[in-house]
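Side-chain atoms are counted along with the backbone in the values below, which use heavy atoms only and exclude waters and symmetry mates. Chain A is the first sequence line, chain B the second, and so forth, proteins listed ahead of strands; every chain is numbered from 1.
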Number of protein chains: 2
Amino acid sequence: MTYTAEQKRNEAQKDYNASLALCPAGQLLEAISSKWVTLVILALVEGPQRHSNLRKTIPGASQKMLTSTLRSLERDGLISRRITVTTPIRTDYELTSRGRSLLPIVFEMKKWAEENMHDIGASRMAHDRHQLDFG
Amino acid sequence: MTYTAEQKRNEAQKDYNASLALCPAGQLLEAISSKWVTLVILALVEGPQRHSNLRKTIPGASQKMLTSTLRSLERDGLISRRITVTTPIRTDYELTSRGRSLLPIVFEMKKWAEENMHDIGASRMAHDRHQLDFG
DNA sequence: CTGTATCCTCTAAGATACTG
DNA sequence: CAGTATCTTAGAGGATACAG
């Protein structure tokens, strides 16, 4: 049985993905770059927040997404969860020191996003219009 | 017709998503945080690269994903594409100045990821083991 | 070499309802 | 209030074949 160059390349890809998955950065970038991670971290900058409070602060996230984002961050040791067994129950989320070590990056991303939002919007429109004309 | 508090909250969410989508940061974070964006940008740090070269540098990405990532970055004005009409055809991708303005952030993310990869791996294992025992 | 088009699968994520 | 479970669906992404 023979392979084309294309097929060989596909095999190489599979091997690569199976073993190292991605470059060192890649693994964590996925964890950090989830749609809501940055927003949750920013919401916790000022201090511990209750679950219900986070929902108000980040109305774009469904409860399901919020919970799963929080679980994921907890698993990675970026936030901690403290439960107070009252009725009704109460839970507070807080950045760990490792979570706080991400703050400089998160702030920079926020800053960059705010500074470039306008221009990127313009680029997109220009690009899309060009697609309409010639695409 | 009456609504429960839960339903009202869901409605509020929809409105929010429909109008502002997300906070200023959110819009762009999605663009930046795609699985391959960081890797492509890092691959272009040293200078322009051909399509085939990028495939070699980032073997984890299928051609489809690579192309669509490149298109997305081009649309946002973060990279430029120059085509040379020879046979076979040749295309080179290069960071624009706006793309280069992302480099400090990308480097910091890479650095953070490398520094914390080990500890986060440990946290995950501990967390997962706990789940097995008590979850 | 660089890309597009097709098909197909599988997961992310929303809606909803329910438990402690 | 905080969280889980279930159902369902849109879309991301892989495999493959083809085109300029």
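If you take CD of Gln63(B) and P of dT4(C), they are 9 Å apart, rounded to a whole angstrom. Here the P atom of nucleotide dA13(C) and the CG atom of Leu66(A) are 13 Å apart, to the nearest Å. When the C1' atom of dG3(C) is taken as reference, atom CZ of Arg82(B) falls 18 Å away, rounded to whole Å. Taking atom NZ of residue Lys64(B) and atom P of nucleotide dC18(D), one finds them 17 Å apart after rounding to whole Å. The distance from atom CD1 of Ile83(B) to atom C1' of dT2(C) is 9 Å, rounded to the nearest whole Å. Atom CZ in Arg71(A) sits roughly 17 Å away from atom P in dA12(C) (whole-Å rounding). Leu54(B) places its CG atom 14 Å from the C1' atom of dG3(C), with the value rounded to the nearest Å.
The side chain to side chain contact (heavy atoms under 4.5 Å, CB included) check on Ser52(A) picks up Arg50(A), with sequence neighbours excluded.
For Arg50(B), the side-chain atoms get nearest to dC1(C) when compared with the rest of dC1(D), dC1(C), dG14(C). Listed candidates were dG14(C), dG14(D), dG3(C). Nearest to the side chain of Met65(B) is dG14(D). When each of dG14(D), dA2(D), dC1(C) is scored by its nearest atom to the side-chain atoms of Ser52(B), the top-ranked nucleotide is dC1(C). The side chain of Ile89(A) sits closest to dA2(D) out of dT2(C), dA2(D), dG14(C). Nearest nucleotide to the Pro88(A) side chain, out of dC1(D), dG14(C), dC1(C): dC1(D). Checking dG14(C), dG13(D), dT4(C) against the side-chain heavy atoms of Ser62(A) singles out dG14(C) as nearest. Which of dT2(C), dG3(C), dG13(D) sits closest to the side chain of Arg81(B) comes down to dG3(C).
Five base pairs at each end of the helix from dC1(C)-dG20(D) to dG20(C)-dC1(D) define two local axes, and these are offset by 50° (rounded to 10°).
Rounded to the nearest 0.5 Å, atoms OG (Ser72(B)) and CG (Leu78(B)) are 8.0 Å apart.
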Check the pair Asp128(B), Arg75(A) against salt bridge (Lys or Arg N to Asp or Glu O under 4.0 Å), reporting the backbone distance first and the verdict last. CA-CA 8 Å; Asp128(B) 294 349; Arg75(A) 188 170 101 104; 2.6 Å; yes
